[in-house]
Amino acid sequence: MAALSGVRWLTRALVAAPNSGTWRNLCTSAVAHAASRSQAEDMRVEGAFPVTMLPGDGVGPELMHAVKEVFKAASVPVEFQEHHLSEVQNMASEEKLEQVLSSMKENKVAIIGKIHTPMEYKGELASYDMRLRRKLDLFANVVHVKSLPGYKTRHNNLDLVIIREQTEGEYSSLEHESARGVIECLKIVTRTKSQRIAKFAFDYATKKGRGKVTAVHKANIMKLGDGLFLQCCEEVAELYPKIKFETMIIDNCCMQLVQNPYQFDVLVMPNLYGNIIDNLAAGLVGGAGVVPGESYSAEYAVFETGARHPFAQAVGRNIANPTAMLLSASNMLRHLNLEYHSNMIADAVKKVIKVGKVRTRDMGGYSTTTDFIKSVIGHLHPHGSNF
């Protein structure tokens, strides 16, 4: 773009030039102009990857502050473009939504906090959070549930992945009152999107070297809707003979996760089930404060916490656990091919938890958010440790 701009500038100048001497001077000037513009833009691109930041509600802004502080201390070459969208802080409008979408579409990568959805019906069934995900077609939500060394929970050494379709299903925002006192809520299941999420799950398992995919459903009751989802998973599974494929009914899956979560590797499921299982599984390894998550479309990647909670009761009290958001930010850096910085931050967070001296209240400690951030910054070092 810089070179093209220089050529345009040269063309305009040559048209207006009166003699050959002026032409030579202008050529030299134009080349210097284009080169300086090119260098300036290259420095900007090399110096900082643009990333959209959406703090969200609850403790979201405090968690984003933690990310910015750690990134600054680690000299991470990322430039955040911060936007605010909130239905509970009177910062939600079509204009703001379009601004956020424009930024995300330009940058391709975003890190976001929980955008809280009020329960009150105010004429619009689809929340801004849901509309944002649909407009970007963020169809795949990935939550990697992994135990943190040094932090003991009911189940230790867990390592499983939950993949959730999040653009249709029960969250289609299609509800109406068919008769007085009778509400119909439509669940939409399509072959196209079911096949797409199934393929995403098997591709993920293949890429990450995982051996099994479990499709979670309720096809014994919802024979057509979940039946179609299950059928699509079975069809896609045939294309991946090296990956073991199993199916499990959602209610049994919940029980099995609590009793014996080690049997699972990658789980793929429709929207509502995924929302529930994300939270259940997060509870197995320490709760919403320690599990990172991410959402993908064909073009965009959005990084967030795995269990989406605003944690409103902790706002302003300096007690929120930034672990999940920092690990998510580390995953974002890996997505940007900034492996060095990604590993540095992830290792520092895991080191703080493993040492165990600084823990927030949700992890059984008394440390503040600020204490945790300072400890992470204090443990930043070149990658080389194994956790």
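Heads up: numbering here begins at 1 and tracks the sequence.
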So [Y] and [X], do their side chains get closer than 4.5 Å, heavy atoms only?
X: V143; Y: V291; value: yes
X: F49; Y: E79; value: no
X: Q81; Y: N107; value: yes
X: D347; Y: V349; value: no
X: I163; Y: F202; value: no
X: H83; Y: K96; value: no
X: L257; Y: L280; value: yes
X: K105; Y: Y300; value: yes

State yes or no: do [X] and [Y] share one hydrophobic cluster built from I, L, V, M, F, W and Y residues joined by side-chain heavy-atom distances below 4.5 Å, directly or via other members?
X: Y262; Y: V216; value: yes
X: L228; Y: L230; value: no
X: L336; Y: Y340; value: yes
X: I319; Y: M64; value: no

>> Assess the residue pair R361 and N321 against the criterion (side-chain hydrogen bond (donor to acceptor under 3.5 Å, both in side chains)); give the C-alpha distance rounded to whole Å, side-chain angles, the decisive distance to 0.1 Å, and a yes or no.
In response: CA-CA 8 Å; R361 294 189 184 186; N321 187 349; over 6 Å; no
Would you call [X]-[Y] a salt bridge at under 4.0 Å N-O?
X: E168; Y: R196; answer: no
X: K135; Y: E299; answer: no
X: R133; Y: D129; answer: yes

I'd like to know if the side chain of [X] reaches the main chain of [Y], judged simply by a donor and an acceptor atom lying under 3.5 Å from each other, with no hydrogens or angles considered.
X: S103; Y: V100; answer: no
X: S375; Y: V352; answer: no
X: S330; Y: S342; answer: yes
X: D371; Y: T368; answer: yes
X: S178; Y: E184; answer: no
X: Q166; Y: L138; answer: yes
X: E170; Y: L272; answer: yes
X: S147; Y: L158; answer: yes
X: N343; Y: E339; answer: yes
X: H155; Y: V258; answer: yes

Check the surroundings of atom [atom1] in [X]: do more than 12 heavy atoms from other residues, nucleotides or ligands lie under 6.0 Å from it?
X: K108; atom1: NZ; answer: yes
X: L224; atom1: CG; answer: no
X: K212; atom1: NZ; answer: yes
X: R131; atom1: CZ; answer: yes

> side-chain contact (heavy atoms from CB on, under 4.5 Å) with E95: which residues, sequence neighbours excluded?
Replying inline: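 Residues passing side-chain contact (heavy atoms from CB on, under 4.5 Å) with E95: S93, Q99.
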>> Using the rule given for ring pair (Phe, Tyr, Trp, His ring centres under 6.0 Å), can you reason through H217 versus Y273, listing the C-alpha separation, both sets of side-chain angles and the distance that settles it, and then say yes or no?
In response: CA-CA 8 Å; H217 65 93; Y273 309 156; 8.5 Å; no
>> Determine whether F80 and F71 satisfy the following criterion, ring pair (Phe, Tyr, Trp, His ring centres under 6.0 Å), listing intermediate values before the conclusion.
In response: CA-CA 10 Å; F80 289 117; F71 273 35; 5.5 Å; yes
> Yes or no on salt bridge (Lys or Arg N to Asp or Glu O under 4.0 Å) for K68 and E82, after CA distance, side-chain angles and deciding distance?
Replying inline: CA-CA 11 Å; K68 288 187 283 189; E82 194 166 330; 3.0 Å; yes
>> With side-chain hydrogen bond (donor to acceptor under 3.5 Å, both in side chains) as the criterion, how do E304 and S295 come out once you've worked through the C-alpha distance, each side chain's angles and the decisive distance to 0.1 Å?
In response: CA-CA 8 Å; E304 55 196 333; S295 294; 2.8 Å; yes
>> Determine whether K218 and D251 satisfy the following criterion, salt bridge (Lys or Arg N to Asp or Glu O under 4.0 Å), listing intermediate values before the conclusion.
In response: CA-CA 8 Å; K218 191 64 176 175; D251 36 345; 3.1 Å; yes
>> Let's go through N275 and Y171 carefully: what are the C-alpha distance in whole Å and the side-chain angles of both, what is the deciding distance for side-chain hydrogen bond (donor to acceptor under 3.5 Å, both in side chains) to 0.1 Å, and is it a yes or a no?
In response: CA-CA 10 Å; N275 195 356; Y171 295 178; 2.7 Å; yes
> What's the verdict on side-chain hydrogen bond (donor to acceptor under 3.5 Å, both in side chains) for E165 and T167, showing C-alpha distance, side-chain angles and the deciding distance?
Replying inline: CA-CA 6 Å; E165 205 296 321; T167 59; 2.5 Å; yes
> Who are the salt bridge (Lys or Arg N to Asp or Glu O under 4.0 Å) partners of R359, not counting sequence neighbours?
Replying inline: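 R359 satisfies salt bridge (Lys or Arg N to Asp or Glu O under 4.0 Å) with no other residue.
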